[in-house]
Amino acid sequence: MNIDILLGLQWGDEGKGKIVDVLTPDYDIVARFQGGPNAGHTIEFHGEKHVLHLIPSGIFHGDKINVIGNGLVVDPVVFRNEVESLGIGTATVRKRLLLSLKAHLIMPTHKLLDAAHEASLGDARIGSTLRGIGPAYTDKASRNGIRIGDLFRKDFRDFYHSRVSEHMRLLQGYGYSGEMKDLEDEWFEAVEYMKQFTTVNADYYIETALRNGRRVLAEGAQGTMLDIDFGTYPFVTSSSTVAAGACTGLGVAPGRTGEVFGIFKAYCTRVGSGPFPTELEDANGQMMRDRGNEYGATTGRPRRCGWLDLPALKYAIMINGVTRLFMMKADVLSGFSEIKICKSYTTGGREQTELPYCLYEIEGLNYVTFKGWHSDITGCRSWDELPPELKDYIAYIERETGIPITIVSVGPDRSATINR
Ligand code: GDP
Ligand code: IMO
Ligand code: MG
């Protein structure tokens, strides 16, 4: 078997959590491959809403295994709170969840460094989620990190302090003089809690599973435009959010990958700073925010909203090798008299369909306008029930991208999903 990959094509929050939960019955294993508690993946069913930050979105299905891959950075405190708030009991989660020994840990000082660094940037700040993501990946790259496998070292406390001493020097440089004791006590307690969970060589585990014909779905976090290499650098996250990241984040060979499911909203959103060409700072943008409840699942910040950006979407499809598209939140566009798609940019006085090196170089946006629809589509459960205007909108995107849109999502609930 090959591993299928599901990832976001925009600036995150496309609805990855919802769709992973919907697809989980077709798989045996769901494996997160990057990111950390900066992610907020929302799942709704039976009138209840759950937001996952670290735990893969297949966790609510009884007979499935969920894997936290080596590509993640894990905060033990967030992990503990999340497990305890799932409502299915720690013992149940322990049966369904495996942790890669090679995943890195977020330390209390990583969060302090994230905050200090953001504050030092002033108006140029990234708008980080302040979860310690950047500093934890920095330590991974500079070989100063701690991995889950290190928790079992006899000298773990000394090892921890040897890592933290460098952080303290940096924090002093930022003028930080706060107390560490309470933060560290809480962290070490959470570490002990995390050690009750099963740790594995996730690379071997997944390879063996695939060889035995088990179906594996890789779950991405963030989105392609937030990728460390291909996103709107420096306004990005610190990991590889793209399909190649599933290989490095799980230890899966490139030849082992199967379908790549690319998820996008019927419009665009972004939370945090950085360029966003189609952003609407008008009544239309506000209407998207209100109807789509566009407030961050992790930080509660209002999300910036705008029309669909086709050059950016095509770029993401190219980078990821997307084989199927899933369009989310189509219901949010109900009630707009006109709906627009940006089909190209103007840069250097010329029309361009490629993304420029820096999105701030874009001088103008060229839009195609579609007729809106007014019916509420949240109750639609089949393709035939959808309004013709929405079908035209979808057909245009399929024609332009050359990729079929095989799922249309019309509401946050599991059931509000149209499978074509
Ligand atoms: P993720 O980070 O990609 O998993 O997405 P988030 O959970 O951060 O944000 C997506 C938000 O949209 C969540 O509040 C979902 O419950 C909600 N959502 C997902 N699909 C739909 C949809 O088709 N329609 C509407 N109205 N909301 C949706
Ligand atoms: P999910 O998985 C949307 C954004 C932050 C900030 C930038 C860097 O729910 O789609 P970081 O904390 O990673 O250093 O922040 O990336 N960001 C997200 N935006 N959805 C996410 O995750 C995000 N994770 C990080 O807002 O602009
Ligand atoms: Mg999210």
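Fair warning: this is a prediction, and the values are worked out from it, not measured in the lab. Start at 1 and go down the list; that is how both ligands and their atoms are numbered.
- Checking only distances, R291 never comes within under 3.5 Å of ligand 1, N or O to N or O.
- The nearest protein atom to atom 10 (C) of ligand 1, hydrogens excluded, is given as D13 O, 3.6 Å; this is a heavy-atom distance.
- The environment of K391 atom NZ is dense: over 12 non-hydrogen atoms of other residues, nucleotides or ligands sit within 6.0 angstrom.
- Listed by number with element, the atoms of ligand 1 under 4.0 angstrom from any heavy atom of G17 are 4 (O).
- Taking only nitrogen or oxygen atoms, main chain and side chain alike, S238 does not reach within less than 3.5 Å of ligand 2.
- Heavy atoms of W11 found under 4.0 angstrom from ligand 2 belong exclusively to the backbone.
- Interface atoms of ligand 1 facing E44, defined by a heavy-atom separation under 4.0 Å, are 16 (O).
- Within 6.0 Å of OH in Y233 there are 12 or fewer heavy atoms belonging to other residues, nucleotides or ligands.
- The distance criterion of under 3.5 Å between nitrogen or oxygen atoms is not met by S273 with respect to ligand 2.
- Looking only at heavy atoms of the protein, atom 14 (O) of ligand 2 is closest to S128 CB, 3.8 Å.
- The distance from the NZ atom of K329 to the OG1 atom of T269 is 7.0 Å, given to the nearest 0.5 Å.
- The closest approach between a heavy atom of H41 and any atom of ligand 2 is below 4.0 Å.
- In this structure, E400 does not pair ionically with K343, as no charged nitrogen and carboxylate oxygen lie closer than 4.0 Å.
- Short contacts between ligand 1 and H41, defined as distances under 4.0 Å to a heavy atom of the residue, involve ligand atoms 1 (P), 2 (O), 4 (O), 7 (O).
- The aromatic rings of Y360 and F235 sit perpendicular, their planes meeting at an angle over 60°, well past the 30° parallel limit.
- Near A39, with a cut-off below 4.0 Å to any heavy atom, the atoms of ligand 2 are 1 (P), 2 (O), 9 (O), 22 (O).
- Atom 26 (N) of ligand 1 has its closest protein heavy atom at D331 OD2, 2.7 Å.
- Contacts between R131 and ligand 2 below 4.0 angstrom, taking non-hydrogen atoms only, are absent altogether.
- Against a heavy-atom cut-off of under 4.0 Å, S409 is close to the following atoms of ligand 1: 20 (N), 21 (C), 22 (C), 23 (O).
- Counting only distances under 2.8 Å, and ignoring water, the protein N, O or S atoms around the Mg ion (ligand 3) are D13 OD1, G40 O.
- From I146, atom CD1 reaches atom OG of S162 across 7.0 Å, with rounding to the nearest 0.5 Å.
- For atom 12 (O) of ligand 2, the nearest protein heavy atom (residue, atom name, distance) is T129 OG1, 2.5 Å.
- Considering backbone and side-chain N/O of T237, one or more are found under 3.5 Å from N/O of ligand 2.
- Contacts between T42 and ligand 1, counted as non-hydrogen atom pairs separated by less than 4.0 Å, involve both the backbone and the side chain.
- A side-chain donor-acceptor contact under 3.5 Å links Q34 and S239.
- Note on D139 versus R163: no salt bridge recorded, every NZ/NE/NH1/NH2 to OD/OE distance being 4.0 Å or above.
- Nearest residue to atom 18 (N) of ligand 1 from P412, S57, G12 is P412 (criterion: closest heavy atom).
- Counted within 6.0 Å of CD on E281, heavy atoms from surrounding residues, nucleotides or ligands total 12 or fewer; the atom is thus considered open.
- Looking at atom 11 (C) of ligand 1, its nearest protein heavy atom turns out to be K329 NZ, 3.6 Å.
- Looking at atom 20 (N) of ligand 2, its nearest protein heavy atom turns out to be D13 OD1, 3.1 Å.
- What sits closest to atom 27 (O) of ligand 2 on the protein, heavy atoms only, is V271 O, 3.2 Å.
- Not close to ligand 2: R303, with no non-hydrogen atom less than 4.0 angstrom away.
- Only the side chain of R303 comes within 4.0 Å of ligand 1, judged by heavy-atom distances.
- Residue G15 has at least one nitrogen or oxygen atom sitting less than 3.5 Å from a nitrogen or oxygen atom of ligand 1, judged on distance alone.
- Between G411 and ligand 1 there is a heavy-atom distance shorter than 4.0 Å.
- Using a 4.0 Å cut-off between charged nitrogen and carboxylate oxygen, D21 and R414 count as a salt-bridge pair.
- With ligand atoms numbered from 1 in the order given, ligand 2 contributes 1 (P), 2 (O), 10 (O) to contacts under 4.0 Å with heavy atoms of K16.
- Set against the non-hydrogen atoms of G272, the atoms of ligand 2 under 4.0 Å away are 27 (O).
- Residue V332 has no N or O atom closer than 3.5 Å to an N or O atom of ligand 1.
- Where the criterion is an N or O separation shorter than 3.5 Å, residue side chain and backbone included, K49 fails it with respect to ligand 1.
- Close approach to R301 involves these atoms of ligand 2, each under 4.0 Å from a residue heavy atom: 5 (C), 26 (O).
- At a threshold of 4.0 Å, the pair E398-R420 counts as salt-bridged, since one of the basic side-chain nitrogens sits closer than that to a carboxylate oxygen.
- The N/O atoms of K18, backbone and side chain alike, include none that comes under 3.5 Å of an N/O atom in ligand 1.
- Numbered from 1 in the order shown, with element, the atoms of ligand 1 that lie under 4.0 Å from a heavy atom of M328 read 20 (N).
- Atoms of ligand 2 lying under 4.0 Å from at least one heavy atom of A221, given by number and element, are 2 (O).
- Considering backbone and side-chain atoms together, A330 places no N or O closer than 3.5 Å to any N or O of ligand 1.
- Listed here is the closest heavy atom pair of D331 and G411: OD1-N, 3.6 Å.
- Note on ligand 2: V236 sits in its first shell, one or more heavy atoms being nearer than 4.0 Å.
- For atom 6 (C) of ligand 2, the closest non-hydrogen atom of the protein is G127 O, 3.2 Å.
- Between R80 and E84 there is a salt bridge, with a side-chain nitrogen of the basic residue lying less than 4.0 Å from a carboxylate oxygen of the acidic one.
- Ranking protein heavy atoms by distance to atom 22 (O) of ligand 2, first place goes to Q222 NE2, 3.4 Å.
- Residue contacts with ligand 2, taken as heavy atom pairs separated by less than 4.0 Å, involve L226 solely via side-chain atoms from C-beta onward.
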